[in-house]
Each structure stands twice: as structure tokens, then as C-alpha cells.
A.B. asks: 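The following block contains the structure, expressed as C-alpha cells.
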Amino acid sequence: MSSSNPPPPQCSSSSSPCLLSSLPQQSPYKFPTHRLKKTQTDASKTPLVLVACGSFSPVTYLHLRMFEMAVDHVRQNTEFEVVGGYLSPVSDKYVKPGLLSSDHRVNMCNLATEETSSWLMVDPWEAFQAEYQRTAVVLDHFNHEINEVFGGVVTQDGEKRTVRIMLLAGSDLIATMSEPGVWAPEDLEHILGRYGVFIVERAGTDVAAATDSLARWRHNIYLIPQMIHNDVSSTKVRLFLRRGLSVRYLMPACVIEYIEEHGLYLEEHEPRGRPPPEPTPPNPDANLNLNPHSTSIPIHQQQQQQPPTDRSQSIPFEESTTQS
């Protein structure tokens, strides 16, 4: 989860309630909703969509596993009902060792979610932006697409509901957010105040001090214990690939086949690899089938942390989840 990567370009944050309005839009872009649960199961709960921002270079089983841990935690400990989950790969403008082109990363994420999950989706909007986008802006994008364009969700009685959008990340995120000068105060308010975050713990980290310094947003910070510790990371996977070691069972087989087919991650300073095919289209016939029946207790206490170097974008997911 730790990161020694240089921070991305700093951007000043807008004081506007929504940071999305001034951004250019991709013309052929279509927001994926084929697995978004349109009708809530339990009208007494708040519909929730989880968003993980990150490099995903490459996507691993731990990236996918974090969503499953989050769903279990939400069902057992909160008054939310998960209606969807999205991976949002970072733009090529995010300068980071081992970062493949967005085409390859989006393709691998699509393969992983479509082959191994019945409810996760990949949104390529952030990946294909001409400029690096801060996490605050990315969350605004999801809120716009899901609640304004798509129209939110409905209860079984037909009542329309606004979907809560929340960030999902590894424990390093809270550590960086508590470090002075790493995140713009406006972005912290936007991410933690307006949206909120689910943080998956990592062994050997401690978030007590970090959450203390973020006390004003504690009600929007949910800590998820990792019951079976897993330290698989994209960084380790890239190292294994360069050394010719097996990465089977560290990531979906379809992703391994894609990497082999395109000759990716063979050098330390990764070239772009062979040109990727068109991004893998999602399967429109798959649908989300979750059955949350939870109790209520926002968990914001002790657990974990570890610093990378920051941004006003969440630590690319694999960094914040493993050691990217």
C-alpha cells in the first residue's frame, strides 16, 4: 500500500458544490450502467455506489476482493444498500512508474470484472481524460451520471431515491489525508464531507492518529477490517513478470493472458507494449444481485495506515490497497 511515487500535478480546488462543470467531455463516451441495480431491495436503507480510483497497472485479485469486503461490511454494519461498484482507472497524465496506457488498463479491468464478477463495472471516463482529474472531480462525475443522468434508483414501491456515492480505498489514503499540505483542504471537505470513504485496513498500519486529525469527518469515514490479510500488489506483480515468475492466482487468468498476448510489463521502465485492441465491451446481460440486510453502525475507529505521496486524487487504488 505504501508509495514513494512523486505527487501528480497540483490543482487548486473550486469552491463550487460541483467541480465537474468546466471539464471537456469525451464525445464517444457512454457511462456503464448495465450492472447498476435499478431497484432497491430494502427501502429502509440508503442506496450506495462504491467507487475505487487507481492505476490498476495491472488489476489484481485484491482490487476486486476489496469490493467484496466492502459489501460484507456494508451489509452487516451500516444502513446502506450497495447497488453498484466501479473501478475508475487514472488518466495517463498521472505520472507513475509502471503505468501502462489507459487503453491497456481499461481493457484489463473490463476483462477482470466481466469474467469474475456479477456486479462490478469499469468506468473509462477518468482514464481517457486529456488531463489528470482529482478525486473530488471524479466523484462529482459519478454523482452526475448516476443521480442526474441515470435518475438514481427506485424502491419496490416506485419511489425515486438519490444514490450515495462513496470512495473505496486502502488504508494509506487516510494517512495521506491527515498529512499537512498533501491534500487541498477544499478537496478534503469535498471528498470526506460531501461523499465519504470506505477504507480497507492493511496489516501493520494504524489509523488512530490519522482519524483523530480528520475528526470533523469521522461520521463519513468507515473502516473495514481485512479478515484474511492479503498483500498482493501491482508493484509485486510487475516485478514477478519482469523476472519471468508465475503470477497465476494473483490476478484473473484472462488478465494474465492479455498481458502475455501484448507483451506487457517485461521491462522495468515499461514501454507501452503492443497496441491494444478496442476496449473490451461489457456484458449487458449481467446483473447485480446483492441481498443486504444490515444493522447500523458507522465504523470510524482504529485500524491502519501508511503514507504515499499525494494528490488531490485518491492514491491510485493499488497503491492505497497494496503496494502498487
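Because the structure is a prediction, the values reported are computed rather than measured. We use all heavy atoms of the structure for the numbers below, so side chains are in, but hydrogens, waters and symmetry mates are not.
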A.B. asks: Test side chain to side chain contact (heavy atoms under 4.5 Å, CB included) on Met69 and Ile228; report intermediate values, then the result.
C.D. replies: CA-CA 10 Å; Met69 288 187 278; Ile228 299 176; over 6 Å; no

A.B. asks: Hey, quick one: are Leu239 and Val59 part of the same hydrophobic cluster, counting side-chain heavy atoms closer than 4.5 Å, chains of contacts allowed?
C.D. replies: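 Different clusters: Leu239 never reaches Val59 through Ile, Leu, Val, Met, Phe, Trp or Tyr contacts under 4.5 Å.
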
A.B. asks: Roughly how far, to the nearest 0.5 Å, is CG of Leu139 from SG of Cys53?
C.D. replies: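 Between Cys53 SG and Leu139 CG, I get 6.0 Å after rounding to 0.5 Å.
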
A.B. asks: Decide whether Ser57 and Tyr265 meet the rule of one side-chain donor and one side-chain acceptor closer than 3.5 Å.
C.D. replies: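 Side chains of Ser57 and Tyr265: pair found under 3.5 Å.
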
A.B. asks: For the residue pair Tyr132 and Lys93, what are the closest heavy atoms and their distance?
C.D. replies: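 In this case the closest contact between Tyr132 and Lys93 is N-CB, 3.6 Å.
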
A.B. asks: Looking at OG of Ser234 and NZ of Lys96, how far apart are the two atoms once the value is rounded to the nearest 0.5 Å?
C.D. replies: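 With rounding to 0.5 Å, OG (Ser234) is 7.0 Å from NZ (Lys96).
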
A.B. asks: Arg248 vs Glu257, test: salt bridge (charged side-chain N to carboxylate O under 4.0 Å, His left out). Steps then yes/no.
C.D. replies: CA-CA 10 Å; Arg248 302 247 168 228; Glu257 290 168 7; 5.2 Å; no

A.B. asks: Can you check whether Leu99's main-chain N or O pairs, donor with acceptor, with Ser55's side chain at less than 3.5 Å?
C.D. replies: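 Such a contact is absent between Ser55 side chain and Leu99 backbone.
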
A.B. asks: Taking the side chain as everything from C-beta on, heavy atoms only, tell me whether His229 gets closer than 4.5 Å to Glu201.
C.D. replies: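 A side-chain contact under 4.5 Å exists here.
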
A.B. asks: Do Ile191 and Trp217 come within less than 4.5 Å of each other through their side chains, counting heavy atoms only?
C.D. replies: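 The answer is no; the side chains never approach within 4.5 Å.
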
A.B. asks: Return the OG to CH2 distance between Ser91 and Trp125, rounded to the nearest 0.5 Å.
C.D. replies: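 Rounded to the nearest 0.5 Å, the OG-CH2 separation comes out at 10.0 Å.
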
A.B. asks: Counting C-beta onward and ignoring hydrogens, is there a side-chain heavy-atom pair between Met177 and Val197 closer than 4.5 Å?
C.D. replies: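 No - every pair of side-chain heavy atoms lies 4.5 Å or more apart.
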
A.B. asks: Could you check whether any side-chain heavy atom of Leu50 comes within less than 4.5 Å of a side-chain heavy atom of Phe142, counting everything from C-beta outward?
C.D. replies: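 The answer is no; the side chains never approach within 4.5 Å.
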
A.B. asks: Could you tell me whether a side-chain N or O of Arg65 sits under 3.5 Å from a main-chain N or O of Asn230, the two making a donor and an acceptor?
C.D. replies: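 No: the side chain of Arg65 does not pair with the backbone of Asn230.
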
A.B. asks: Decide whether Asn107 and Tyr258 meet the rule of one side-chain donor and one side-chain acceptor closer than 3.5 Å.
C.D. replies: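 Result is yes, a qualifying pair exists.
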
A.B. asks: Looking at Cys254 and Glu115, what are the two nearest heavy atoms and their distance?
C.D. replies: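 For Cys254 and Glu115, the tightest heavy-atom pair comes out as SG-CG, 3.5 Å.
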
A.B. asks: If you count the non-hydrogen atoms of other residues, nucleotides and ligands that lie under 6.0 Å from CZ in Phe240, is the total more than 12?
C.D. replies: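 No.
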
A.B. asks: Hey, could you give me the CE/OH distance between Met251 and Tyr249, rounded to the nearest 0.5 Å?
C.D. replies: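 If I round to the nearest 0.5 Å, the distance is 13.5 Å.
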
A.B. asks: When you measure from the side chain of Glu68 to the backbone of Leu64, do you find a donor-acceptor pair of N or O atoms at a distance under 3.5 Å?
C.D. replies: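 No, because the side chain of Glu68 does not come within donor-acceptor range (under 3.5 Å) of the backbone of Leu64.
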
A.B. asks: Could you report the tightest heavy-atom contact between Ser213 and Ser178, atom names first, then the distance?
C.D. replies: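 Looks like OG-CB, 3.0 Å.
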
A.B. asks: For a 4.5 angstrom cut-off between non-hydrogen side-chain atoms, does Thr39 reach Gln156?
C.D. replies: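 Heavy-atom side-chain distance check passes, below 4.5 Å.
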
A.B. asks: With no hydrogens and no angle check, is any side-chain donor or acceptor of Asn220 less than 3.5 Å from a backbone partner on Leu192?
C.D. replies: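 Yes; judged by distance alone, with no hydrogens or angles, the pair exists.
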
A.B. asks: Please confirm whether Tyr86 and Phe31 have ring centers closer than 6.0 angstrom.
C.D. replies: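 Centroid distance Tyr86-Phe31: below 6.0 Å, so yes.
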
A.B. asks: Tell me every residue that passes ring-ring contact (aromatic ring centres under 6.0 Å, His included) with Phe198, counting only those two or more places apart in sequence or in another chain.
C.D. replies: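 Only Tyr222 meet the ring-ring contact (aromatic ring centres under 6.0 Å, His included) criterion with Phe198.
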
A.B. asks: Given Glu189 and Arg194, is the side chain to side chain contact (heavy atoms under 4.5 Å, CB included) satisfied, shown in steps?
C.D. replies: CA-CA 7 Å; Glu189 176 59 43; Arg194 179 173 180 176; over 6 Å; no

A.B. asks: Step by step, would you call Thr46 with Arg161 a side chain to side chain contact (heavy atoms under 4.5 Å, CB included)?
C.D. replies: CA-CA 8 Å; Thr46 300; Arg161 291 284 181 85; over 6 Å; no

A.B. asks: Is it true that a side-chain atom of Lys236 and a backbone atom of Asp231 form a donor plus acceptor pair closer than 3.5 Å?
C.D. replies: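 Yes, Lys236 side chain to Asp231 backbone: donor-acceptor pair under 3.5 Å.
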
A.B. asks: Could you go through the side chain to side chain contact (heavy atoms under 4.5 Å, CB included) check for Phe56 and Val90 one step at a time?
C.D. replies: CA-CA 8 Å; Phe56 303 108; Val90 73; over 6 Å; no

A.B. asks: Of all heavy-atom pairs between Lys38 and His34, which one has the smallest distance, and what is that distance?
C.D. replies: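 Heavy atoms of Lys38 and His34 come nearest at NZ-O, 4.1 Å.
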
A.B. asks: Looking at His63 and Thr60, would you say the former's side chain and the latter's main chain have a donor-acceptor pair under 3.5 Å?
C.D. replies: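 Yes, because the side chain of His63 sits within donor-acceptor range (under 3.5 Å) of the backbone of Thr60.
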
A.B. asks: Could you tell me if Thr155 and Asp157 have a donor-acceptor pair between their side chains, going purely by distance under 3.5 Å?
C.D. replies: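 There is no such pair (donor and acceptor under 3.5 Å, judged by atom type) between the side chains of Asp157 and Thr155.
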
A.B. asks: Are the side chains of Arg242 and Arg238 in contact, using a 4.5 Å heavy-atom criterion?
C.D. replies: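 Side-chain contact under 4.5 Å: yes.
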
A.B. asks: Closest heavy-atom contact between Phe67 and Ala52?
C.D. replies: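 Nearest pair, atom of Phe67 first, then Ala52: CZ-CB, 3.5 Å.
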
A.B. asks: Are Val82 and Val154 co-members of a hydrophobic cluster defined by side-chain heavy atoms under 4.5 Å apart?
C.D. replies: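 Different clusters: Val154 never reaches Val82 through Ile, Leu, Val, Met, Phe, Trp or Tyr contacts under 4.5 Å.
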
A.B. asks: Would you call Met108 and Ile259 a side-chain contact if the rule is heavy atoms closer than 4.5 Å?
C.D. replies: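 Touching, per the 4.5 Å side-chain cut-off.
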
A.B. asks: Supply the atom-to-atom distance Ile224 CD1 to Ile199 CD1, rounded to the nearest 0.5 angstrom.
C.D. replies: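 It is 8.0 Å, given to the nearest 0.5 Å.
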
A.B. asks: Does a salt bridge link Arg243 with Glu267, judged by any charged N lying under 4.0 Å from a carboxylate O?
C.D. replies: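 Between Glu267 and Arg243 there is no salt bridge, as every charged N stays at least 4.0 Å from the carboxylate O atoms.
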
A.B. asks: Set out, in order, the CA-CA distance, both residues' side-chain angles and the distance that settles side-chain hydrogen bond (donor to acceptor under 3.5 Å, both in side chains) for Trp183 and Thr176, then state yes or no.
C.D. replies: CA-CA 8 Å; Trp183 289 74; Thr176 63; 3.1 Å; yes

A.B. asks: Checking Asp187 side chain against Ala136 main chain: does a donor-acceptor pair fall under 3.5 Å?
C.D. replies: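 Judged by distance alone, no pair lies under 3.5 Å.
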
A.B. asks: To the closest 0.5 Å, what do you measure between CD (Glu126) and NE2 (His141)?
C.D. replies: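 Glu126 CD to His141 NE2: 8.5 Å, rounded to 0.5 Å.
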
A.B. asks: Return yes if a side-chain donor-acceptor contact under 3.5 Å exists between Glu81 and Gln40, otherwise no.
C.D. replies: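 Yes, Gln40 and Glu81 have a side-chain donor paired with an acceptor closer than 3.5 Å.
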
A.B. asks: How would you list, by chain and number, every residue that makes a salt bridge (Lys or Arg N to Asp or Glu O under 4.0 Å) with Arg164, sequence neighbours excluded?
C.D. replies: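 For Arg164 there are no salt bridge (Lys or Arg N to Asp or Glu O under 4.0 Å) partners, ignoring immediate neighbours.
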
A.B. asks: Examine the side chains of Lys45 and Thr41 and answer whether a donor and an acceptor come within less than 3.5 Å of each other.
C.D. replies: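 Result is no, nothing qualifies.
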
A.B. asks: Can you name the nearest heavy-atom pair linking Val255 to Ala112, along with the distance?
C.D. replies: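 Looking at all heavy atoms of both residues, the closest pair is CG2-CB, 3.9 Å.
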
A.B. asks: Does the Thr33 side chain pair with the main chain of Leu36, one donor and one acceptor, at a distance under 3.5 Å?
C.D. replies: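 No; zero donor-acceptor contacts below 3.5 Å.
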
A.B. asks: According to a hydrophobic-cluster definition based on side-chain heavy atoms being under 4.5 Å apart (Ile, Leu, Val, Met, Phe, Trp, Tyr only), do Tyr61 and Val247 belong together?
C.D. replies: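 Yes; Val247 is reachable from Tyr61 via cluster members.
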
A.B. asks: With side chains defined as the heavy atoms from C-beta onward, is the minimum distance between Asp92 and Phe128 less than 4.5 Å?
C.D. replies: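 Of all side-chain heavy-atom pairs linking Phe128 with Asp92, none is under 4.5 Å.
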
A.B. asks: Apply the side-chain contact (heavy atoms from CB on, under 4.5 Å) test between Arg105 and each candidate in Pro89, Pro124, Pro58; give the one that qualifies.
C.D. replies: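 That would be Pro89; it is the only one of Pro89, Pro124, Pro58 passing the side-chain contact (heavy atoms from CB on, under 4.5 Å) with Arg105.
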
